Amino acid sequence: MTTPRVLFWHRRDLRLTDNLGLAAAAAISPAVTGVYVLDPQVISPSEHLLPMAPARLWFLIESLIELQQRWRDAGSRLLVVEGDPVQLLPQLAERIAAEAVVWNRDVEPYARERDRQVAQRLQADGRKVVVDWDQLLIAPELLKTGGGDPYRVYGPFLRNWRGQVQAKQPVTVPAPAGLVDLDPAAVPSGEPLMARRDSHGFKGTELCPCRPGEAAAMQQLTSFCDGALFGYEPDRNFPGVVGTSYLSAALSVGTLSPRQAWSAAQEAREQARSEEQLHAIAVWEQELCWREFYQQALFHFPELSDGPYREQWRRFPWENNEDWFDFWREGQTGMPIIDAAMRQLNQTGWMHNRCRMIVASYLVKDLICDWRWGERAFMELEVDGDLAANNGGWQWSASSGMDPKPLRIFNPATQASKFDAAGDYIRQWVPELRHVNTKDLLSGEIGALERRDYPEPLVNHKTQQAKFKALYATIRS
DNA sequence: TTCAACTTACG
DNA sequence: GTAAGTTGA
């Protein structure tokens, strides 16, 4: 009698270490084969889904190439195929005679419907399907208010989440080893990965601060928790300072797990030498909670991805000036802090989170442009583009989301003065303004002579803010 | 049912 | 100080 074969389907968990689904698969049998499906719906521009940025495609491909090596080191292999998972997975399971197929759950509406169809077909063929949560510290079903409803507000969610995490004390599981490979005769032909490696179209692979692959993610985590984490608060606020983890892409494609991140933070707590440092660690832990808050929000309210959560925002009379939007996207608005941030994103695939809030507020509240245009633009450019986090962030900026709050209007000049006081960040990304004095650089009020070829400001913040408020008054109930 | 709380940021 | 009204206990 032969060992039963198990198929493990990687999706947003591109690692062997601390992969709960993979550990479950290896517990069934050492004869585990991995598969990743390059789904054209996900990796190519499509009508219904938000696009995947070239930067993210690069990160994905490189992470997969490393993952294949790790599978070989573990004794088995990772197959990479291209096509529709609903067709391909049942075919592959049949071909390798898999008794069980295992994967980790996702929160995105497209993924959930896809997974439902895949599971249905596999089960119809008599195969066992094993799925559970891996990409969240606490499963979304376990986080409910006293009334049994999902949370709509971050604060109460944080209290519940933190309590459950502390009670659970998340631990990581090791990578499987000594796996049993397929019979060579059963290995399907075709390998689309290397062809994709040179065709992702991303030019900023050297500049991007997020590094692909499981090993690089662990290195980044270790060095962050050894240094910048202790000063995370307040350093995280300053885009010109290396004060954040740059782990967003790794957490999004799953080259790093949230348990690994949490555990590293707990080890750092042991090393902390002051209340300030402990507080800084707590603030980073809260950022991990934001990630889970937005994922559980999308899980319980999938309609978030279709547009504004609050009904009245569906009738907001946006200006939607396409020229303004293009200037914003390219970093040519004439407001230096905005242009610096958008150029950082265009060139490196990544933007500092403080700047994401500033440019989002500017697009929505100053240019009076539909936040969904900005949501799509971010997904087209970001190495860490993630539906739940990106949609949550844009709805937050647009004031159309779940949190009860006043109308949030950032003053870009005030933001620049507070968080890039010396103008270092602006000068780095808008080099043609390096000669301009800091005061003018921050305010954006630059004389024609000094400005040279740099554009005049598209709009005046004060008048646009007044205009936005007037338009907002028309949709208030 | 009442009432505190709300990623603050702006002026 | 004020925004702005909804959430959650």
Side-chain angles (χ1 to χ4, degrees), chain A residues 140 142-164 232-239 243-245 248 279-297 300-301 304 308-313 316 335 337-338 351-366 371 388-421 442-444 460-477:
Chain A
L142 299 178
L143 288 154
K144 295 290 177 62
T145 67
D149 298 319
Y151 286 98
R152 295 167 162 81
V153 175
Y154 174 73
F157 177 87
L158 169 64
R159 277 184 283 280
N160 188 339
W161 180 87
R162 197 201 282 128
Q164 291 199 48
Y232 185 69
E233 173 69 18
D235 293 354
R236 69 186 180 118
N237 285 308
F238 307 105
T244 64
S245 72
S248 48
H279 177 62
I281 296 168
V283 170
W284 191 62
E285 289 168 357
Q286 286 183 35
E287 294 302 319
L288 295 174
C289 183
W290 271 103
R291 173 179 173 276
E292 308 218 353
F293 174 68
Y294 283 139
Q295 289 205 29
Q296 69 91 34
H300 291 296
F301 306 99
L304 280 164
Y309 176 74
R310 289 182 190 282
E311 192 56 37
Q312 64 268 34
W313 284 96
F316 189 91
M335 187 64 199
I337 186 66
I338 303 298
M351 189 198 292
H352 191 278
N353 189 57
R354 166 61 52 183
C355 295
R356 295 191 200 203
M357 294 191 285
I358 301 172
V359 302
S361 176
Y362 185 81
L363 182 70
V364 175
K365 308 285 165 60
D366 286 61
W371 63 267
N390 189 50
N391 178 274
W394 276 97
Q395 299 236 26
W396 183 88
S397 289
S399 314
S400 72
M402 297 190 294
D403 265 355
K405 61 202 159 311
L407 207 55
R408 257 186 264 278
I409 300 180
F410 281 30
N411 182 325
T414 306
Q415 289 284 316
S417 301
K418 278 188 181 170
F419 302 113
D420 188 32
L442 299 176
S443 69
N460 174 278
H461 175 66
K462 204 174 168 186
T463 56
Q464 291 304 103
Q465 184 187 7
K467 188 168 185 181
F468 189 92
K469 284 180 176 171
L471 292 174
Y472 178 59
T474 69
I475 66 161
R476 280 165 70 177
S477 37

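Below, chains carry the letters A, B, ... as their sequence lines are ordered, and counting in each starts from 1. Note that the structure is a prediction, hence the values are computed from the model and not measured.
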Selection from B/dC10, C/dA3, B/dT7 that lies nearest to any side-chain heavy atom of A/K418: B/dC10

Using atom CD of A/Q312 as one end and atom P of C/dG5 as the other, report the distance to the nearest whole Å. 9 Å

Hey, does A/R354 reach any base, or is it just sugar-phosphate, or nothing, if we go heavy atoms under 4.0 Å? sugar-phosphate

So, is A/R476 near the phosphate of C/dG5, with a side-chain N or O under 4.0 Å from OP1 or OP2? yes

Exercise: identify the closest heavy-atom pair between A/F419 and A/P239: O-CD, 3.3 Å

If you check every side-chain atom of A/R159, which of C/dA4, B/dC6, C/dG8 has the closest atom? B/dC6

Output the rounded distance in Å from NZ (A/K469) to C1' (B/dG11). 10 Å

Expressed as a whole number of angstroms, how long is the span from A/M402:CE to B/dC6:C1'? 14 Å

Would you indicate, yes or no, if B/dC10 has its OP1 or OP2 atom less than 4.0 angstrom from a side-chain nitrogen or oxygen of A/Q415? yes

Between A/F410 (CZ) and B/dA9 (C1'), how many Å, whole number? 7 Å

Rounded to whole Å, please give me the gap between CZ in A/F293 and P in C/dT7. 12 Å

Stem ranges of DNA chain B by first residue number, counting only runs of at least 3 Watson-Crick or G-U pairs under 3.5 Å, come to B:2-6 with C:5-9, B:8-10 with C:1-3

Distance, P atom - from B/dC3 to C/dA4, rounded to whole angstrom: 23 Å

Indicate the ring-plane relationship of A/Y151 and A/F157, choosing parallel, tilted or perpendicular according to the 30° and 60° boundaries. perpendicular

Categorize A/N353 for me: base, sugar-phosphate, or nothing, with a 4.0 angstrom heavy-atom threshold over every strand shown. base

Remember a base hit wins even if backbone is also touched, and classify A/Q286 as base, sugar-phosphate or nothing at under 4.0 Å, heavy atoms. nothing

Distance-only polar pair, side chains of A/Q164 and A/N160, donor-acceptor under 3.5 Å: yes

What's the closest nucleotide to the side chain of A/R310 if the choices are C/dA9, B/dT7, C/dT6? C/dT6

From the list C/dA9, C/dT6, B/dT7, which nucleotide is the closest neighbour of the side chain of A/V153? B/dT7

Which whole number of Å gives the distance between the C1' atom of B/dA5 and that of C/dA3? 15 Å

Gap in Å between the two P atoms, one belonging to B/dT7 and one to C/dG8, rounded: 11 Å

Hey, are the side chains of A/F410 and A/K365 touching, using non-hydrogen atoms and a 4.5 Å cut-off? no

For A/R236 and A/H352, work out which heavy atoms get closest and say how close. O-CE1, 2.8 Å

In whole angstrom, give the distance that lies between atom CH2 of A/W313 and atom P of C/dT6. 14 Å

Looking at every heavy atom in both A/P412 and A/Y362, which two are closest together, and how far apart are they? CG-CD1, 4.1 Å

Does the side chain of A/H461 come within less than 4.5 Å of A/I409's, by heavy atoms? yes

Ring-plane angle category for A/F293 and A/Y154, please: parallel below 30°, perpendicular beyond 60°, tilted otherwise. perpendicular

When the distance from CE of A/M357 to P of B/dA9 is rounded to whole Å, what number comes out? 7 Å

Taking only N and O in the side chain of A/Y151, is any of them less than 4.0 Å away from OP1 or OP2 of C/dA9? yes

Measure from the side-chain heavy atoms of A/W396 and tell me the nearest of C/dA4, C/dT6, B/dT7. B/dT7

Contact class for A/E233 (heavy atom, under 4.0 Å): base, sugar-phosphate, or nothing? nothing

Side chain of A/S361, backbone of A/M357: donor and acceptor closer than 3.5 Å? no

Which nucleotide sits closest to the side chain of A/Y154: C/dA4, B/dT7, B/dG11? B/dT7

It should be established whether A/N411 places a side-chain nitrogen or oxygen under 4.0 Å from OP1 or OP2 of nucleotide B/dA9. no

A/I409 CD1 to C/dA3 P, in whole Å, measures 14 Å

